[in-house]
Amino acid sequence: MASLSRGVTVALLGIFLLGAARLPRGAAYEIDLPRGSGITVLLKPGTQALPAKLCYIMAKRWETTLSIKAGEKKVFSFSCQDPHNYFVIEIQKNIDCVSGQCPFGEVHLQPSTSVLPTLNRTFIWDIKASKNVSLELQFSLSRLRQIGPLEDCPDGVTHRISGRVDASTMVKIGTFCGNGTVSRIKMQEGVNLALDLPWFHKRNVSGFSIANRSSIKRLCIIESVFEGEGSATLMSANYPAGFPEDELMTWQFVIPAPLRASVSFLQFNVSNCVKKEERVEYYIPGSTTNPEVFKLEDQQPGNMAGNFNLSLQGCDQDAQNPGILRLQFQVSVQHPQNDSNKTYVVDLSKERTMSLSIEPRLSKLKREFVPGCFVCLNSRTCSTNLTLTAGSKHSISFLCDDLTRLWINAEKTISCLDPRYCHRMRYSLQLPQFIFQLPVQLHDFTWKLLVPKDRLSLALVPAQKLQQHTHERVCNTSFSYLVASAVPGQNLYFGSFCSGGSIEQIQVKENISVTLRTFAPNFQQESAKQDLTVSFIPHFKEESVFTVTPDTKNKIYLRTPNWDRGLPSLASVSWNISVPRNQVACLTFLKERTGVVCQTGRAFMIIQEQRAHAEEIFSLEEEVLPKPSFRYHSFWVNISNCSPMSGKQLDLLFWVSLTPRTTDLTVIVLAVVGGGALLLFALGFIICFVKKNKKKKITKGPAVGIYNGNVNTQMPMQPKKFQKGRKDNDSHVYAVIDDTMVYGHLLQDASGSFHQAEVDTYRPFQGPTGDFPPSPPPTNSRAPTVKLATDEPPPGSPPESESEPYTFSHPKDGKVSNRSTDTPLLDAHEPTEPGE
Ligand SMILES: *[C@@H]1O[C@H](CO)[C@@H](O)[C@H](O)[C@H]1NC(C)=O
Ligand SMILES: *[C@@H]1O[C@H](CO)[C@@H](O)[C@H](O)[C@H]1NC(C)=O
Ligand SMILES: *[C@@H]1O[C@H](CO)[C@@H](O)[C@H](O)[C@H]1NC(C)=O
Ligand SMILES: *[C@@H]1O[C@H](CO)[C@@H](O)[C@H](O)[C@H]1NC(C)=O
Ligand SMILES: *[C@@H]1O[C@H](CO)[C@@H](O)[C@H](O)[C@H]1NC(C)=O
Ligand SMILES: *[C@@H]1O[C@H](CO)[C@@H](O)[C@H](O)[C@H]1NC(C)=O
Ligand SMILES: *[C@@H]1O[C@H](CO)[C@@H](O)[C@H](O)[C@H]1NC(C)=O
Ligand SMILES: *[C@@H]1O[C@H](CO)[C@@H](O)[C@H](O)[C@H]1NC(C)=O
Ligand SMILES: *[C@@H]1O[C@H](CO)[C@@H](O)[C@H](O)[C@H]1NC(C)=O
Ligand SMILES: *[C@@H]1O[C@H](CO)[C@@H](O)[C@H](O)[C@H]1NC(C)=O
Ligand SMILES: *[C@@H]1O[C@H](CO)[C@@H](O)[C@H](O)[C@H]1NC(C)=O
Ligand SMILES: *[C@@H]1O[C@H](CO)[C@@H](O)[C@H](O)[C@H]1NC(C)=O
């Protein structure tokens, strides 16, 4: 038998000697390895082979192993028909990238599988690289799937990849099959890749290529690419043995935008660290706290959108009892459960000055990990905070378990830089419709309204009158307008305003931002009813003017801008408060004193009834604020600040309430005389008390206010005029007063004379005025004063004080009216109807 087959082989050899090709079954093979190829071939019995005695390798002699080195050529055959059951072939190629040229690019199977016997083949590439470069294996034919130590690849094609640490110690990176997610593996200092191809497998290409890369500064990086839903199980190097001491290994994951990834640790062990801590670190797109560091024991992140990476960092282990660090984990990639893969179009192509951000809702920083919540642009780039700019159409989608974790902030700039074009122009501050189509709630929509300095001012007119948000009457609507200065460096907040009040118009001197802030999801319905129109109006000097038209019996609370931070230095603010016919308004100040202490200038308040043109001027320093007072006609409240000392700010809250006007005030007065304060309430009146004072009517003209302007205006009164200390004997006496009551005489009383010239140096109020000729006081206005039995303050008013409200009148002269023509009155002002 043996001699016969040998004879056949020799005969066949003669035929195929030059072909170097695979011979038919039972035929001879020739393997010729070129010199310098670095290839060695080894035929040997397989591990799971049948007893070798049944089959031999027939070369010069009968062998059970055959080794062919580079530069050698060997011809051989097998003594049996089925050598694959007995032998395997191992082809190793050593590549030295340190000294020689590296064969970058696609890796070929050498010698070609067509010349090799049909045995189980193992191609081994052993590549040495210098310490400072890394090698990247790219698996182009099929991405790899890592398998555990006890698993086999279904088709038998297996990649066993290992690397080196310190040139000597081999580290197993992992065993991989085809049909997975691993697309690239980068290793430092060289790589050893063994590719097992079973004898029956038709594959004749390696399926990978090599590239050189700069240092990765770690053991390896394994990249996994997901193209759809799926999962990958990955293991730390050397698994199930221990991860090399103090090493770093990274996995990168490429996740397409509509999908989300979650990491779970299937198995892990930690070693006994002497120095450093074993941990995993994530880079999650959009996370502001990257790298996100976790212990292996922690719940790992889930619901991540976009590409992320995960690194395992070992530690310096205890030499006596090192323990073992190992990790097997799974990355699951799936569609977000809810219809978050829906695409929304945000069309800003027609906008020029609008930007829209979708941001994480502010929430307290929590210790535990929360799943990612992302906005994706064009289904590609996902981030936690996306800003869309004007001029183009954006297609966005959301990757978020709970869209209430996001909100929208948008900003639009409306500027008028040429007063000729936009004077009296109107613009409606309405939300664009697409805002309501997005699944994320609007938080803030800010309009920046810009006007040329000292040329134009702005008027905001709501479709429905507004209410100012105060502690006393909070806005509990679904949205509010926040009005603030947009002048850089000017920290001025005019207030928060919601529908359902009495403010008809807000005029502001210069650049402002108006922010529609939402508080409840139903704001859409409510905001549809509201509309805010801005118009560009002639410039005026006060910071703001509020036009208030009460039509309710509710108290109207009004507050100086900036809340408790105080009115800015030298700022002046006015309220134009209409008093409807047949109604009487009661004006009440919350505090008894303002508490302002001026560094320079004077802070004062002017109350002027427009019809009477009577002014009451109060110093706001040291003096008490006016007691509650009745106003029969529309009136102005003007507050002008000085340069206050820090911590001694000017901050005023007052309210206005209306009651039907009674023709006979003496009834009230008699009631007071007869029954005391409680009886007043039985009569159903809101009674205002003021300290009894002599009164003086000013009928001199329409000047209604004063302001400090931007300059360091000094109140041209001697300070002593505002000093308290005038102890009136009847300071405890209260009276019901009428609308014509003013206090001009007190100024004269205090200073001894009335300095009209000084008064005139005030710059007049230049805002809209109730420009009506002064009218005589009502005939019944001279209500007698009444002495009360006690100093009991009326309910709701601040406690009584010893001091007097010092006020002075501000007579009007011709000069003032001349000046007021210099600055045009605001057209928006609607004159209030005369009271009688
Ligand atoms: C060849 O590979 C197959 C599948 O991987 C295996 O079942 C068989 O035992 C191997 N043959 C030898 C001789 O090792
Ligand atoms: C890498 O190191 C070798 C010597 O070990 C040096 O010649 C080479 O310039 C280095 N390359 C880089 C990119 O640093
Ligand atoms: C890849 O895996 C899928 C599902 O596990 C299987 O249907 C397919 O046949 C596999 N392909 C190859 C080439 O192994
Ligand atoms: C691999 O085999 C295919 C046919 O099965 C052939 O077209 C291709 O050229 C072969 N490639 C190599 C490198 O031998
Ligand atoms: C890769 O190798 C080539 C040629 O050896 C070299 O020019 C190139 O700089 C290397 N690239 C990196 C990233 O090391
Ligand atoms: C590894 O950790 C598991 C629990 O996760 C534990 O049961 C096992 O004993 C640990 N193995 C070693 C070698 O520490
Ligand atoms: C991980 O991701 C971050 C952010 O994308 C990147 O800066 C970093 O280089 C990545 N690290 C690795 C090792 O891939
Ligand atoms: C989908 O979202 C709704 C609310 O938006 C929520 O109640 C539901 O639980 C979510 N379903 C899943 C599978 O996340
Ligand atoms: C989300 O994507 C999946 C898979 O592509 C699709 O079946 C589903 O209909 C999509 N849902 C929506 C709301 O678009
Ligand atoms: C989102 O980005 C915008 C613009 O870059 C920035 O102003 C805003 O503070 C960011 N928001 C968060 C929550 O990071
Ligand atoms: C308001 O904004 C415009 C446009 O940016 C600018 O020209 C003007 O000076 C600003 N006004 C103030 C008072 O800063
Ligand atoms: C606030 O809401 C309550 C009940 O919803 C309502 O009675 C009240 O009038 C509201 N107040 C304001 C100021 O809107």
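Just so you know, ligand 1 is whichever comes first in the structure, and atom 1 is the first atom listed for that ligand.
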**Q** Can you sort out which atoms of ligand 7 are near Gln252, meaning under 4.0 Å from one of its heavy atoms?
**A**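 The atoms of ligand 7 under 4.0 Å from a heavy atom of Gln252 are 12 (C), 14 (O).
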**Q** Quick one: do Gln138 and Glu136 satisfy side chain to side chain donor-acceptor pair (under 3.5 Å)? Show the steps, please.
**A** CA-CA 6 Å; Gln138 298 170 1; Glu136 180 182 286; 2.5 Å; yes
**Q** If only side-chain N and O atoms count, and only distance matters, is there a donor-acceptor pair under 3.5 Å linking Thr446 with Asp444?
**A**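 Result is no, nothing qualifies.
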**Q** Quick one: look up the protein heavy atom nearest atom 4 (C) of ligand 11 and list residue, atom name and how far away it is.
**A**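 Result: Leu417 CD2, 3.6 Å.
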**Q** For ligand 11, which atoms sit closer than 4.0 Å to a heavy atom of Glu510?
**A**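 Answer for ligand 11: 13 (C).
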**Q** Side chain, backbone, both or neither: which applies to Leu119 and ligand 1 if a contact is any heavy-atom pair less than 4.0 Å apart?
**A**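 The answer is neither.
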**Q** At less than 4.0 angstrom from any non-hydrogen atom of Asn309, what atoms of ligand 7 do you find?
**A**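 Here the atoms of ligand 7 in question are 1 (C), 2 (O), 3 (C), 8 (C), 10 (C), 11 (N), 12 (C), 14 (O).
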**Q** Is it the case that the side chains of Gln92 and Thr40 hold a donor-acceptor pair, with the cut-off being a distance below 3.5 Å and no angle test?
**A**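 Note: Thr40 and Gln92 side chains miss the donor-acceptor criterion.
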**Q** Please determine whether any non-hydrogen atom of Val451 lies less than 4.0 Å from an atom of ligand 11.
**A**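 It does; at least one heavy atom falls under 4.0 Å.
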**Q** Would you kindly say whether Ser142 and Asn179 are connected by a side-chain donor-acceptor distance under 3.5 Å?
**A**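 Result is no, nothing qualifies.
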**Q** So does Leu219 get a backbone contact from the side chain of Glu189, meaning a donor-acceptor N/O pair under 3.5 Å?
**A**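 It does not hold such a pair.
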**Q** I'd like to know if the side chain of Arg565 pairs up with that of Asn491 as donor and acceptor (distance under 3.5 Å, no hydrogens or angles considered).
**A**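 Yes, side-chain donor-acceptor contact under 3.5 Å.
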**Q** I'd like to know if the side chain of Arg218 pairs up with that of Thr250 as donor and acceptor (distance under 3.5 Å, no hydrogens or angles considered).
**A**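 Thr250 and Arg218 do have a side-chain donor-acceptor pair below 3.5 Å.
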**Q** Identify, for atom 5 (O) of ligand 11, the protein heavy atom at the shortest distance, and state residue, atom and that distance.
**A**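 It is Leu450 CD1, 3.8 Å.
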**Q** Is the number of heavy atoms from other residues, nucleotides or ligands within 6.0 Å of NZ (Lys448) greater than 12?
**A**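 At most 12 heavy atoms, drawn from other residues, nucleotides or ligands, come within 6.0 Å of this atom.
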**Q** With heavy atoms of Val88 as the reference, note each atom of ligand 1 found under 4.0 Å away.
**A**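 What qualifies from ligand 1 is 12 (C), 13 (C), 14 (O).
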**Q** Can you confirm whether some protein heavy atom lies under 4.0 Å from atom 11 (N) of ligand 7, or whether none does?
**A**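 Yes; the ligand atom in question has protein heavy-atom contact below 4.0 Å.
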**Q** Quick one: which ligand 11 atoms are inside 4.0 Å of a heavy atom on Asn511?
**A**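 Going through ligand 11 atom by atom, the ones under 4.0 Å from Asn511 are 1 (C), 2 (O), 3 (C), 8 (C), 10 (C), 11 (N), 12 (C), 14 (O).
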**Q** Please check if any side-chain donor atom of Thr413 sits under 3.5 Å from a side-chain acceptor atom of Thr353, or the reverse.
**A**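 Checked: Thr413/Thr353 side chains show no N/O donor-acceptor pair below 3.5 Å.
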**Q** Could you tell me whether atom 2 (O) of ligand 7 has at least one protein heavy atom nearer than 4.0 Å?
**A**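 Yes; the ligand atom in question has protein heavy-atom contact below 4.0 Å.
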**Q** May I ask you to identify the nearest protein heavy atom to atom 14 (O) of ligand 11, giving residue, atom name and distance to one decimal place in Å?
**A**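 Of the protein heavy atoms, Val487 CG1, 3.7 Å lies nearest.
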**Q** Give me the nearest non-hydrogen protein atom to atom 9 (O) of ligand 11 as residue plus atom name, then the distance to 0.1 Å.
**A**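 Looking only at protein heavy atoms, the one closest to atom 9 (O) of ligand 11 is Lys453 CB, 3.8 Å.
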**Q** So, is Asn120 polar-close to ligand 1, with some N/O to N/O distance under 3.5 Å?
**A**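 Asn120 vs ligand 1: N/O contact under 3.5 Å present.
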**Q** With distance as the sole criterion, is a donor-acceptor pair present between the side chains of Ser572 and Glu542 under 3.5 Å?
**A**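 Side-chain D/A pair, Ser572 to Glu542: present.
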**Q** Give me the nearest non-hydrogen protein atom to atom 13 (C) of ligand 7 as residue plus atom name, then the distance to 0.1 Å.
**A**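 Of every protein heavy atom, Arg218 NH1, 3.3 Å lies nearest to atom 13 (C) of ligand 7.
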**Q** Are any of the protein's heavy atoms under 4.0 angstrom from atom 7 (O) of ligand 7, yes or no?
**A**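 Given the 4.0 Å cut-off, atom 7 (O) of ligand 7 does not count as touching protein heavy atoms.
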